[in-house]
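Working notes for the structure below.
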Amino acid sequence: MPAAIDVLLPLPIGPLTYLPPLQGDPPGPGRRVVVPWQAGVRIGVVSDVRTVDAGRGVELRHALHALEGQVWLDHAALATVTSLARHSGVPAGLVLATLNPPGLQQELDHEVRLAPGGKDLLAALDHPPPREAEGGAWFAAALVPGKALEELRRQGLIDERARPRALTRRVLVPVRPPDDELEGARRLAQRTALERLFELDEAESAAALAVDADVSPSAVRSLVAKGYAAYAERPQEEPAPPLPHPAPEALPAIKVEQVPPEGDGAVVGARRRARLAALLPRLRADLAAGRSVLVLAPEAAMADAAASDLATALPVSLLSGEATDRQRVRLWRELERGRPQVLVGTYLALLAPLENLGRVVVLDFASSAYKLQAGSRTLVSKAATLRARLAAVPLTLLDVVAGPDLVVQVAAAARRHLPLPRLRLHVADLAGGGNWPVHPDLTRTLKQVVERERQALILAPRRGYSGALGCPECGWQAPCPNCDLTLRYHRAEGVLRCHQCGHAERPPDTCPACGGTNVGPLRGAGTEWVAAQVRRSLDGFPVYRYDRDHRDDVTALLAGAPGVVVGTLALLSLPPLPELSLIGITHFDAHLMAADFRAEEEVLRTVLRLAELTGGRQPLVLVQTFSPEHELLRALGAPDPAAALELLLAGQLARRKRFGYPPYAGLAKLQFSARDRGSALAAAQHALDALLTGGALQGEVLGPASAPVERVRGQYHFQLLLRGTDEVRLEALLALVPGRYPGARLGVDVDPRDVGALLD
């Protein structure tokens with residue numbers, strides 16, 4: 001029976017089966033191959049080699065050829081892709097495309113050659129053979145129309161080849177040496193330029209050669225016109241991948257007992273650099289034993305900072321979205337053949353072929369930024385644990401605080417607890433204070449920041465000026481015509497805008513409902529409103545805005561200049577500020593009201609991560625809230641906050657276990673969307689019926705219910721939540737969900753980080 005290869009393409013499909021290339025041995029799993037795809041060719045990765053029966057073999061096409069001898073994805077990486085696909089209920093090709101290893105989207109030079117009879121077939125299809133095909137020569141495949149190419153393939157009347165397009169640069173090169181035509185005083189400049197070009201061998205351009213030879217550009221242009229010089233494509237060396245710049249200060253020393261264990265473990269507490277310092281001795285031991293380490297970060301800024309810190313003591317490479325695909329391809333090749341090292345990166349590094357991988361490290365383990373919002377919607381932190389398990393290497397988790405997922409995954413004996421970031425907490429009761437949205441306590445404290453020439457961060461719950469514009473007399477609020485949302489007011493632009501669909505309109509002068517003239521911003525202050533009020537209070541003190549709409553240049557603050565930054569959660573991407581002494585949270589309750597069971601955990605992490613942005617001071621954290629007695633605030637303000645937070649964590653774990661939420665169950669969200677409400681609801685009901693008929697238990701399916709915002713961008717959305725006791729059960733439930741719904745679209749999100757968020 002013939003051998004066949006299964007090939008994964010970075011497309012939303014499963015593996016496709018091809019016959020091996022006609023030349024050479026069948027490429028093994030993990031190798032890159034070029035295969036025919038539709039009217040062209042694509043690069044894929046071999047996921048399996050197997051035999052097929054003779055009849056099936058006759059139907060299959062041959063892969064064109066394998067690219068180099070390197071295994072592009074090792075066994076554990078391939079197993080990670082297929083396991084994630086199975087768990088997420090999506091094709092493996094979609095997972096591959098989402099994790100986006102380099103070298104699969106390279107441009108190819110695709111050429112073909114007609115076999116005997118090929119010309120006759122093209123003529124029969126009313127496509128005369130191109131002149132380039134004469135004499136059995138190779139020519140560009142683009143000269144053959146797509147349907148004709150497919151027919152030539154089907155009948156075996158064409159040969160194909162494709163190679164990654166080489167990186168080239170266009171330069172000016174000499175063609176022939178000076179001769180009698182360039183003699184004489186009038187041709188001296190041309191002769192001088194040509195002689196200089198022969199010395200250089202090439203010039204970037206005619207203008208560059210003119211400058212170098214000290215002649216006029218017209219003299220060089222004359223050389224090109226006369227055929228003495230010409231432009232040519234020459235190979236260009238691929239750029240080296242960017243290396244991290246070592247941080248100006250080495251990581252601090254750490255006690256030996258705070259080092260994570262050799263096997264699975266975790267480091268929690270303290271600040272980011274202290275956690276890395278605790279990790280450093282373990283990484284040194286791994287490298288000394290000849291083992292490489294993969295360090296994953298949720299965002300590029302954190303990956304850059306971690307790589308810079310670790311580069312002060314270890315050989316480190318960095319892989320994030322800042323690198324081009326060619327740079328990532330070069331690094332991919334070097335990793336497979338290089339010495340033991342530490343690779344720091346975002347999710348793009350998850351499948352990297354590190355030689356002798358010895359450990360996987362996940363920074364900021366519970367960060368919601370690990371949840372990818374498109375493609376397979378992979379939860380990268382969970383994928384990293386899977387990668388470590390399949391590679392049979394230890395896993396080490398780092399985070400500012402031990403959350404429910406971390407404590408269930410890592411045994412207490414393997415967790416190293418560092419002191420929490422020190423902070424002083426002051427709670428301002430919004431029910432008893434005026435001057436909305438900045439409490440008088442925050443105003444007074446900000447004035448102390450001004451007097452001492454320090455720095456402050458103020459967290460607002462939203463961007464824009466206010467969450468809504470309306471009439472206080474009748475209660476009207478400006479609605480979005482496409483969504484069940486009010487329009488956000490942006491005073492600086494003088495516009496009402498929907499943050500979901502992008503609809504924008506001018507604010508009305510009078511209330512459309514009652515005709516009142518008192519239309520204005522309502523109590524839903526955003527960064528614009530807070531910043532404007534702070535500026536009025538501080539009388540000329542520098543105040544910056546930092547959100548998705550507007551990011552002021554804060555370079556002066558990084559150098560120690562005094563000032564206040566008002567922003568959204570985008571503040572967490574800032575580097576530490578050397579003179580930060582105050583952190584203000586204007587509406588603590590808005591963060592707690594998120595439609596997710598993780599809201600309390602996320603708020604705690606936000607407060608502690610903001611405290612990490614200090615340059616060494618013990619900041620005052622001033623929280624404005626309508627719930628001054630909330631248990632989270634009591635825990636943060638306790639004499640022993642670590643012990644109080646342990647009790648809070650125990651309560652969170654008990655509630656999640658009681659109600660069947662992660663980490664004690666697997667969770668998946670099914671979203672049904674349609675232009676009319678009835679179709680969306682009917683699709684959700686159809687899925688529920690299929691699940692119950694297929695054996696799903698009543699407690700394993702929640703819904704259907706409308707999404708927290710039912711209508712967005714003119715589409716209605718209904719949801720079902722699936723809860724499986726473990727991954728195997730959740731996969732079984734997902735297998736029962738029908739794939740098609742008349743008039744509606746299904747979106748699936750396994751391991752959702754926000755059960756109320758819209759799936760685009």
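Start at 1 with the first residue, then count along the sequence.
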Is there a donor-acceptor pair under 3.5 Å between the side chain of Asp676 and the backbone N or O of Ser679?
yes

From Leu73 atom CG to Leu96 atom CG, the distance as rounded to the nearest 0.5 Å
6.5 Å

Where the side chain of Ser292 meets the backbone of Gln341, is there a donor-acceptor pair that is under 3.5 Å apart?
yes

Whether His62 side chain and Leu64 backbone form a donor-acceptor pair below 3.5 Å:
no

Kindly determine whether Leu653 and Arg656 satisfy side chain to side chain contact (heavy atoms under 4.5 Å, CB included), including the steps that lead there.
CA-CA 5 Å; Leu653 286 169; Arg656 294 198 190 183; 5.8 Å; no

Less than 6.0 angstrom separating the ring centers of Tyr741 and His686, yes or no?
yes

Under the salt bridge (charged side-chain N to carboxylate O under 4.0 Å, His left out) rule, what do Lys371 and Asp749 come out as? Steps first, then yes or no, please.
CA-CA 10 Å; Lys371 180 64 176 180; Asp749 187 8; 2.6 Å; yes

Between the main-chain N or O of Leu104 and the side-chain N or O of Arg32, is there a donor-acceptor pair closer than 3.5 Å?
no

Atom CD of residue position Glu257 - does it have more than 12 heavy atoms of other residues, nucleotides or ligands inside 6.0 Å?
yes

Check whether Ser367 reaches the backbone of Asp364 with its side chain - one donor and one acceptor, N or O, closer than 3.5 Å.
no

Would you say Leu395 and Val410 make side-chain contact, with heavy atoms under 4.5 Å?
no

Is there a donor-acceptor pair under 3.5 Å between the side chain of Trp72 and the backbone N or O of Pro101?
no

Glu631, CD atom: more than 12 neighbouring heavy atoms under 6.0 Å
yes

Spacing of Leu279 atom CG and Leu310 atom CG [to the nearest 0.5 Å]:
7.0 Å

Is there a donor-acceptor pair under 3.5 Å between the side chain of Arg416 and the backbone N or O of Val268?
no

Do side-chain atoms of Asp325 reach the backbone of Pro102 as a donor and acceptor pair under 3.5 angstrom?
no

Do Arg655 and Glu600 pass the salt bridge (charged side-chain N to carboxylate O under 4.0 Å, His left out) test, and can you show the C-alpha distance, the side-chain angles, and the key distance before you say yes or no?
CA-CA 12 Å; Arg655 287 193 295 272; Glu600 190 175 83; 3.5 Å; yes

Ring centers of Phe672, Phe718 separated by less than 6.0 Å
no

Holding to side chain to side chain donor-acceptor pair (under 3.5 Å), I want the full list of residues that pass it with Arg282, two or more places apart in sequence or in another chain.
none

Any sub-3.5 Å donor-acceptor pair from Arg377's side-chain atoms to Gln373's backbone N or O?
yes

Test side chain to side chain donor-acceptor pair (under 3.5 Å) applied to Ser376 - qualifying residues, sequence neighbours left out
Thr98, Thr378

Can any side-chain N or O of Trp332 pair as donor or acceptor with the backbone N or O of Gly103 at less than 3.5 Å?
no

From Glu710 atom CD to Leu681 atom CG, the distance as rounded to the nearest 0.5 Å
8.5 Å

Checking Arg605 against Glu612 for the salt bridge (charged side-chain N to carboxylate O under 4.0 Å, His left out) test, could you report, in this order, the C-alpha distance in whole Å, the side-chain angles of both residues, the deciding distance, and whether it holds?
CA-CA 10 Å; Arg605 286 176 46 77; Glu612 287 187 314; over 6 Å; no

Side chains of Asp689 and Gln685: donor-acceptor distance under 3.5 Å anywhere?
yes

Checking side-chain contact (heavy atoms from CB on, under 4.5 Å) between Arg598 and each of Pro404, Pro752, Ser368, Pro662, which is the one that passes?
Pro662

When you compare the side chain of Lys382 with that of His87, does any pair of heavy atoms fall below 4.5 Å?
yes

Go through Asp264 and Arg415 one step at a time and tell me if the salt bridge (charged side-chain N to carboxylate O under 4.0 Å, His left out) criterion holds.
CA-CA 9 Å; Asp264 291 350; Arg415 297 198 298 269; over 6 Å; no

